[in-house]
Every structure is written in structure tokens, then in C-alpha cells.
Number of protein chains: 2
Amino acid sequence: MDKDKIDKKDHILDVAERVFSEMGFDGSSTRMISGEAGVNMAMLNYYFGSKEGLFLAVIERKITSFQNILQILGNDESISSWAKIESYIDIYGERVVNHNCFQKLLYQELTMNRRTELAETIRNMLMKSVSELFRIIQEGIDNGEFRKDTDMQMVVSTLYGTKNFILNTPLMSSTMLGYDIQDEKVLEEQFKPRIKKYLKTLLKAYLVNETIMS
Amino acid sequence: MDKDKIDKKDHILDVAERVFSEMGFDGSSTRMISGEAGVNMAMLNYYFGSKEGLFLAVIERKITSFQNILQILGNDESISSWAKIESYIDIYGERVVNHNCFQKLLYQELTMNRRTELAETIRNMLMKSVSELFRIIQEGIDNGEFRKDTDMQMVVSTLYGTKNFILNTPLMSSTMLGYDIQDEKVLEEQFKPRIKKYLKTLLKAYLVNETIMS
DNA sequence: ATGCTTTAATCAATCGTTTGATTAATTTTG
DNA sequence: CAAAATTAATCAAACGATTGATTAAAGCAT
């Protein structure tokens with residue numbers, strides 16, 4: 001049946017996503033992926049053409065889900081710029097947990113500059129989110145909510161960088177934070193609210209114009 | 001001569017450091033490294049035992065230089081906690097440029113959790129710097145310079161994460177920042193002062209207790 | 001000539017991929 | 001509807017290439 005086929009392809013993609021994330025592209029072998037997925041090795045090439053094709057398929061499957069969420073937020077004119085940033089952080093914080101594996105995969109691939117066509121696909125996809133965030137921050141600067149000298153490119157780097165650093169070096173950050181960041185429960189109950197609160201406090205302190213009488 | 005031998009080993013390590021950084025551990029082959037270094041493949045195993053031994057040698061060569069700089073800073077009692085953070089950012093900002101390649105290598109290795117003994121060596125080494133930074137921040141909290149509710153683990157994550165994100169995804173961040181981060185001159189003249197200034201402004205806004213009358 | 005250093009040749013293992021055969025499903029034909 | 005023809009899915013086996021590693025012999029200084 002069509003449904004079974006799609007399910008099987010999806011199952012392979014699920015496994016591949018996990019393996020690629022854990023082992024990297026080079027560190028993963030087609031044998032390992034097919035073995036864990038419980039399918040014949042040749043099926044990977046049958047379905048996806050090549051190892052790189054499989055990798056691309058893993059990436060592309062996720063792209064669609066990323067697109068419109070932020071645009072909706074960006075175009076909402078009923079809330080303040082800062083409220084948008086807060087919403088952004090909330091949404092972003094949720095993704096931390098739910099798309100953990102995939103984010104790692106993305107970032108790992110961005111880190112190496114080879115396989116340029118693939119990397120460019122990923123970059124273009126991420127730049128969409130980034131541009132949306134730029135728009136929100138610029139709006140805040142223009143309407144006086146945020147500091148005029150805000151370095152918005154660096155702010156975005158901080159937002160992404162902080163999260164990536166913690167999630168991509170789990171052993172390191174688990175030592176730092178004092179609990180196991182790889183534990184699903186800890187991640188959900190402790191880390192998620194923590195990073196949300198922290199990023200909000202941090203960005204608010206940096207971004208928001210407080211008229212202080214000195 | 002002994003000197004020639006050391007020079008050659010150092011030359012191999014230089015090449016290996018670059019190749020490992022660019023291609024990752026799995027992506028690099030001993031043939032490629034030996035080829036670019038202009039030595040026979042067997043020399044790598046002769047000098048370093050194995051590919052992993054070579055990798056370890058690359059890492060360990062750098063370790064020594066990292067150690068004491070921060071301790072000296074941390075133990076200086078003549079300056080304020082905030083001044084120490086500023087100094088830290090300055091030192092850190094310098095390293096951004098000068099040890100670019102190596103930092104990338106370190107981070108890439110941390111990202112994958114396998115080869116645990118090696119990763120642990122790296123982690124322990126980095127934790128030394130982190131602990132020193134913790135000490136400085138804690139001191140600032142205790143003496144009332146910094147907010148009592150400072151999340152210092154997250155602050156350190158921001159510090160490392162922001163820099164790593166930009167330097168490890170140069171194509172992405174070059175698009176974001178509007179200039180080529182891979183250009184040595186741009187990095188030195190534009191990016192270095194920019195990230196220093198940004199990180200200071202950001203952390204000051206977050207850390208420093210401003211007694212505001214509301 | 002003795003003791004490091006360097007080389008070319010070769011090793012088994014693993015890589016991603018391709019093959020040809022077999023089975024299952026679908027479509028076409030009578 | 002049933003038999004035949006076609007297509008799709010799956011498999012074990014093997015492919016050539018490349019991997020990291022090892023060998024034994026040659027080079028070379030002291």
C-alpha cells in the first residue's frame with residue numbers, strides 16, 4: 001500500500017535523523033542506518049538515491065514546518081515589539097526540546113563548509129527565520145521600545161549561540177549546569193523554563209530602553 | 001637534527017589542526033593530512049601512533065597556553081568584578097582571532113559524544129576556564145556588584161555560545177553580519193572590536209546592579 | 001656499521017554503491 | 001473474472017574504492 005511505503009520511508013528518515021545527529025554525516029554508515037531501521041541497505045539507495053540524498057531528505061522533511069510560525073508572529077500588530085520577542089523566545093524554547101536532535105544535525109552540517117549546495121539550502125532556510133527576527137527588532141528600534149544602538153545581528157547570534165552551545169555539547173553543559181541535560185525530563189521541567197526566563201531577562205536588559213535618571 | 005624533527009612534527013601538527021578543523025575528525029583522512037604536510041603517511045603513525053593519537057597531540061599542544069592567564073586575572077584583588085569580566089572579554093576576544101581554527105576543532109569534538117576519553121580531556125580543560133569565570137561572577141554577586149539572581153551558568157553559555165556560533169558557521173554569520181567573517185582583515189579590524197563591545201554591553205546590562213528608582 | 005628516520009608496498013577492514021534474482025502488487029488483456 | 005504482462009519492492013551478495021595501519025627495506029647521519 002501507499003501508506004505503508006510512506007510510513008516506511010518516514011521510519012527510515014526518523015532513524016537516519018537520529019543517527020546522523022548522533023554520529024555526524026561522516027560518522028554514520030549506511031549499514032548502521034539501514035540496520036537500525038530494520039530495512040535492507042539497498043533500500044536507502046532505492047528510496048533516496050544515495051547517502052547524501054538521504055541526508056538531504058532528512059533536512060527537507062523538516063523545512064516546511066519551520067516556515068510560517070514566525071511570519072504570523074511578525075505580522076501581528078496588536079502586541080508590542082518586546083512582547084513579540086518574548087513570544088519568539090517561548091516558541092524557540094519549545095523547539096529546544098522537541099526538535100533537539102534535528103537542530104543539532106543542522107548546526108553540525110553548517111559547521112563544515114563542504115557539500116556546499118546542501119549547506120546553502122540549510123543556510124537559506126535558517127536565514128528566513130533570522131530575517132523575521134531582524135524585522136521584529138528593527139521595528140522595536142524604530143518605535144523607540146529598544147535601544148537605538150542595538151546590535152541586532154549579535155543579538156540573534158546570542159540567541160542561537162547560547163542554545164546551540166548548551167544542546168550541542170551536552171556533556172560539557174551538563175557538568176556546568178549541574179544536571180543531566182540529556183535527560184528528557186530534566187530538559188522539559190528544568191532546562192526549558194530556565195533558558196526561557198534567562199533569555200528574556202538577558203534580552204530585556206540589553207534591548208529595552210529604560211529611562212533611568214542618573 | 002633534533003630541531004628539524006621537532007619542526008617537522010610541529011609542521012604536521014599545524015596541517016593536521018587545519019585539516020581536522022575544516023573536515024572534522026571522520027572527514028579527515030591520514031592520507032590527506034600527510035599529503036598536505038608533504039610527509040609519508042606512515043610518518044603520522046610513526047610519530048603519533050594513530051590517527052587518534054595525532055588528534056590528541058593537536059589538542060594537547062594547545063592546552064598549556066590556556067591555563068594560567070585567567071587564574072592571574074581571577075586572583076587580582078585590585079580591580080572590581082566587572083573590570084575582571086571586561087578583561088576576560090578582551091582576552092577572549094583576542095583568542096577569537098588568533099586561535100580561530102583550534103576553537104572550531106575543540107567545539108566540533110565536543111559536539112560528538114563518542115571517543116569519550118578524548119572528549120573528557122577536552123571537557124576538563126575547558127571546565128578550568130569556566131570555573132575561573134564562575135569564581136569571578138560569584139565574587140561579583142557576593143560583593144553586591146552583580147544581581148543576586150544572576151544565572152551564571154547561562155551567562156557563560158552565552159559568552160561561549162555567541163562566539164562559537166559566529167565562528168563555527170562562517171558562511172551563515174557572514175550573511176547575517178554583512179561582511180566576510182573568514183577574511184582575516186575583516187575579522188581583526190571589524191569583528192573583533194564589535195564582539196568585544198557587544199559582549200560588554202550585553203553582560204553589563206544583565207549583570208550589573210543598577211539601583212533604579214521606579 | 002649502528003641507530004634513527006623515511007619510504008614504498010601492502011594489509012585487512014570498512015565504506016557507499018550496484019547488481020541480479022526473487023517476491024509482491026498492479027495493470028492490462030482476453 | 002481470470003490469466004498474462006508489467007511494475008514496484010525487497011533481498012543477499014559482491015563491487016571497486018578508500019580507510020587506518022603495518023611491514024620490511026632503504027636512506028642517512030654520526
Side-chain angles (χ1 to χ4, degrees), chain A residues 1-60 105 108-109 112 114-119, chain B residues 1-60 105 108-109 112 114-119:
Chain A
M1 282 303 195
D2 236 9
K3 226 189 77 193
D4 285 351
K5 176 188 153 191
I6 292 175
D7 284 352
K8 179 161 282 186
K9 281 183 82 167
D10 244 45
H11 173 61
I12 294 174
L13 288 173
D14 287 338
V15 173
E17 182 180 319
R18 206 195 66 244
V19 175
F20 277 137
S21 302
E22 288 170 356
M23 317 290 286
F25 183 83
D26 294 307
S28 308
S29 75
T30 54
R31 282 174 177 77
M32 182 186 299
I33 294 173
S34 62
E36 287 200 32
V39 302
N40 190 276
M41 220 174 44
M43 294 308 297
L44 302 190
N45 294 81
Y46 180 73
Y47 281 135
F48 307 103
S50 67
K51 184 187 182 184
E52 191 161 324
L54 170 62
F55 190 79
L56 201 78
V58 170
I59 303 284
E60 286 189 341
L105 175 58
Q108 260 179 29
E109 198 42 38
M112 313 212 214
R114 59 210 163 86
R115 285 191 301 283
T116 51
E117 42 160 351
L118 174 55
Chain B
M1 276 303 195
D2 239 8
K3 227 189 74 192
D4 286 348
K5 174 187 153 190
I6 292 176
D7 284 352
K8 180 160 283 188
K9 281 182 81 167
D10 244 44
H11 172 62
I12 294 175
L13 287 172
D14 286 338
V15 173
E17 182 179 320
R18 208 196 64 243
V19 175
F20 277 137
S21 302
E22 288 170 355
M23 318 288 286
F25 183 81
D26 294 307
S28 308
S29 75
T30 54
R31 280 175 177 77
M32 182 186 299
I33 294 173
S34 62
E36 288 200 32
V39 302
N40 190 276
M41 216 178 49
M43 294 306 299
L44 302 189
N45 291 311
Y46 176 74
Y47 281 137
F48 307 103
S50 67
K51 184 188 181 185
E52 191 161 322
L54 170 61
F55 190 79
L56 201 78
V58 170
I59 304 283
E60 287 189 340
L105 176 58
Q108 260 180 30
E109 199 42 39
M112 314 212 212
R114 59 213 163 86
R115 287 190 302 284
T116 51
E117 44 161 348
L118 174 56

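The analysis underlying the following values was restricted to heavy atoms, covering all of them including side chains, and did not include hydrogens, waters or symmetry mates. Labels below follow one simple rule: chain letters A, B, ... track the order of the sequence lines, proteins then strands, and each chain is numbered from 1.
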Name all residues meeting the side chain to side chain contact (heavy atoms under 4.5 Å, CB included) criterion together with B:M43; count only those two or more places apart in sequence or in a different chain, and write none if there are none.
B:V39, B:N40, B:Y46, B:Y47
What pairs with A:S50 under side chain to side chain contact (heavy atoms under 4.5 Å, CB included), at least two apart in sequence or on another chain?
A:E52
Helical bend (five base pairs per end, nearest 10°) for the helix from C:dA1-D:dT30 to C:dG30-D:dC1
20°
I need the [atom1]-[atom2] distance between [X] and [N], as an integer number of Å.
| X | N | atom1 | atom2 | answer |
| --- | --- | --- | --- | --- |
| B:E52 | D:dT19 | CD | P | 18 Å |
| A:L44 | D:dA9 | CG | C1' | 14 Å |
| A:F48 | C:dT18 | CZ | C1' | 18 Å |
| B:K51 | C:dT14 | NZ | P | 15 Å |
| B:N45 | D:dT22 | CG | C1' | 8 Å |
| A:M23 | C:dC15 | CE | C1' | 14 Å |
| B:M41 | D:dT18 | CE | C1' | 11 Å |

What pairs meet the salt bridge (Lys or Arg N to Asp or Glu O under 4.0 Å) rule with one or both residues in residues 11-20 of chain B, with sequence neighbours excluded?
B:D14-B:R61, B:E17-B:R61, B:E17-B:K62, B:R18-B:E22, B:R18-B:E36
Which nucleotide in C:dT18, D:dT19, C:dA9 has an atom nearest any side-chain atom of B:S29
D:dT19
Provide a list of protein-nucleic acid N or O atom pairs under 3.5 angstrom, restricted to nucleotides 10-12 of chain D.
from, atom 1, to, atom 2, distance (Å)
D:dT10, OP1, A:K8, NZ, 3.2
D:dT10, OP2, A:Y47, OH, 2.7
D:dC11, OP2, A:N40, N, 3.3
D:dA12, OP2, A:N40, ND2, 3.3
D:dA12, N7, A:N40, ND2, 3.3

Could you tell me the separation between the [atom1] atom of [X] and the [atom2] atom of [Y], rounded to the nearest 0.5 Å?
| X | Y | atom1 | atom2 | answer |
| --- | --- | --- | --- | --- |
| B:L54 | B:N45 | CG | CG | 9.0 Å |
| A:S29 | A:M23 | OG | CE | 8.0 Å |
| B:F55 | B:L44 | CZ | CG | 14.5 Å |

Heavy-atom closest contact (B:D26 atom, A:G27 atom, distance):
OD2-CA, 3.6 Å
Shortest non-hydrogen separation from A:I33 to A:S28 and the atoms involved:
CD1-CB, 4.3 Å
Strand contacts (DNA chain C) in residues 30-37 of chain B, 4.0 angstrom heavy-atom criterion
none
Looking at B:F20, does the NZ or CZ of B:K51 lie under 6.0 angstrom from its six-membered ring centre and within 45 degrees of the ring axis?
no
Using a 6.0 Å distance limit plus a 45 degree cone around the ring axis, check whether A:K9 lies over the aromatic ring of A:F48.
yes
Beyond-backbone contact of A:L56 with A:I59, side-chain heavy atoms, under 4.5 angstrom:
no
